[in-house]
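The structure appears right after this line, and notes come after that.
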Amino acid sequence: MTTPPHQPAPNPYSGAPVPPNPYAGAPGAQPNPYAQQAAGQPPVGEQPAGQPPHPYAQQPAPGFPAQQGGPGGTPPGAVPYDPAFAPPYGHAPAPGCRNCGAPQAALFSVRAHVGVLVLMRFHTLQGPFCRPCGRSLVRTMTTKTLCQGWWSPLSLVLFTPFTLFWNLLAAMKFGKLPDPTPAPGRQPLEEGPPVHARPLAYVAIIPLLWFTWVAVNIYLDATGRR
């Protein structure tokens, strides 16, 4: 007795109708660009001829004409970007004086130092400043340093001499500037009397005399001359 060959069971779904895709016509669905091109339709992003514009398409502002792209995508009347005329990186236009806005300014800081025993304070005013504003600040902060900057050991031998030398450089730099042209409604600072004409500047004589007396006594003790 021979066994009949095995026959596969028929697929019950082979002849069933395929339902349409419920998301094919959903609002916001993106059509397949390749299917549009195969059907002779324009690519995605182009408005078909004879159809009204899309309500969300970019439209010119009221009162301004629509601009058409020129050569290289530059609108008519616009100057194309040329790297040869671009400012070099890190070279922005120098700002004016911080106080009066005059363009004739130098980028330099002014310092002051206060030393009291173990406590020390450092003051720095960042530029730029014009000539009268810079010289006024130099004279004020130098006088402050000469009056209050000698009352600490480190201030006496290190920080105060450095601050005075820095302000000397600042005074020389500001003194080379031309007469300023302040911004409208702003005035430069009054330079005031020079440092040697301010009584507070001579307070430095007291610690200097004390330091000299201490140094002389140390020298005499070391050499045995006292």
Side-chain angles (χ1 to χ4, degrees), residues 79 81-219:
V79 179
Y81 174 77
D82 189 352
F85 295 94
Y89 178 78
H91 293 271
C97 176
R98 286 186 55 186
N99 180 69
C100 66
Q104 302 86 357
L107 185 58
F108 208 83
S109 59
V110 185
R111 300 175 182 268
H113 177 73
V114 178
V116 181
L117 297 180
V118 296
L119 301 179
M120 292 179 292
R121 296 181 61 184
F122 303 86
H123 304 272
T124 303
L125 295 179
Q126 299 290 344
F129 298 110
C130 64
R131 185 179 67 182
C133 293
R135 297 179 68 175
S136 174
L137 294 174
V138 166
R139 294 177 178 181
T140 300
M141 300 189 74
T142 301
T143 304
K144 180 182 181 69
T145 302
L146 289 173
C147 179
Q148 304 176 1
W150 303 99
W151 312 105
S152 170
L154 290 178
S155 301
L156 181 64
V157 299
L158 180 61
F159 296 117
T160 295
F162 169 77
T163 303
L164 296 177
F165 178 73
W166 182 276
N167 287 349
L168 177 62
L169 297 179
M172 296 172 59
K173 193 174 186 65
F174 294 136
K176 297 178 181 179
L177 296 175
D179 293 335
T181 306
R186 303 170 67 176
Q187 294 295 329
L189 297 176
E190 294 289 340
E191 295 186 12
V195 176
H196 62 80
R198 305 187 182 200
L200 289 178
Y202 294 98
V203 177
I205 296 178
I206 300 175
L208 288 178
L209 292 177
W210 174 80
F211 178 78
T212 304
W213 179 79
V214 171
V216 169
N217 286 331
I218 293 176
Y219 174 76

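Note that the structure is a prediction, hence the values are computed from the model and not measured. The chain is numbered in sequence order, starting from 1.
The aromatic ring centres of Trp166 and Phe108 sit less than 6.0 Å apart.
Across Val110 and Val138, no two heavy atoms sit closer than the pair CG1-CA, 3.8 Å. Shortest non-hydrogen contact noted between Met141 and Ala112 is CE-CB, 3.4 Å. The heavy-atom pair separating Ala105 from Gly96 by the smallest distance is CB-C, 4.1 Å. Smallest separation of non-hydrogen atoms from Arg121 and His123: NH2-CE1, 3.5 Å.
Rounding to the nearest 0.5 Å places CZ of Arg111 at 10.5 Å from CG of Leu125. Distance check: Gln148 CD to Thr143 OG1 gives 11.0 Å after rounding to the nearest 0.5 Å. Atom OG in Ser152 sits 10.0 Å away from atom CG in Leu158 (nearest 0.5 Å). How far CG of Leu117 is from CG of Leu154: 12.0 Å, rounded to the nearest 0.5 Å.
Side chain of Ser136 to backbone of Pro132: no donor-acceptor contact under 3.5 angstrom is found. Between the side chain of Thr163 and the main chain of Phe159, a donor-acceptor pair closer than 3.5 Å is present. When atom types are taken as modelled, the side chain of Arg135 and the backbone of Gly175 share no donor-acceptor pair closer than 3.5 angstrom. Of the possible donor and acceptor atoms, one in the side chain of Thr160 sits under 3.5 Å from a partner among the backbone N and O of Ser155. Remark: side-chain polar atoms of Asn167 are not paired, donor with acceptor, to backbone N or O of Arg139 under 3.5 angstrom.
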Q: Could you walk me through whether Leu146 and Leu200 pass side-chain contact (heavy atoms from CB on, under 4.5 Å), step by step?
A: CA-CA 7 Å; Leu146 289 173; Leu200 289 178; over 6 Å; no
Show the numbers, then the answer: is there a side-chain contact (heavy atoms from CB on, under 4.5 Å) between Arg198 and Thr140?
-> CA-CA 10 Å; Arg198 305 187 182 200; Thr140 300; 3.9 Å; yes
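In this structure the side chain of Gln126 reaches within 4.5 angstrom of the side chain of Thr124, judged on heavy atoms. The closest side-chain heavy-atom distance from Pro188 to Cys97 is not below 4.5 Å. Between Cys130 and Gln104 the shortest side-chain heavy-atom distance does not fall below 4.5 Å.
Ring geometry for Phe129 against Phe174 counts as perpendicular: the plane angle is over 60°, on a 0 to 90° scale with 30° as the lower cut.
Atom CZ of Phe122 sits in a crowded spot, with more than 12 heavy atoms from other residues, nucleotides or ligands closer than 6.0 Å.
With sequence neighbours left out, Val216 forms a side-chain contact (heavy atoms from CB on, under 4.5 Å) with Thr212, Leu220.
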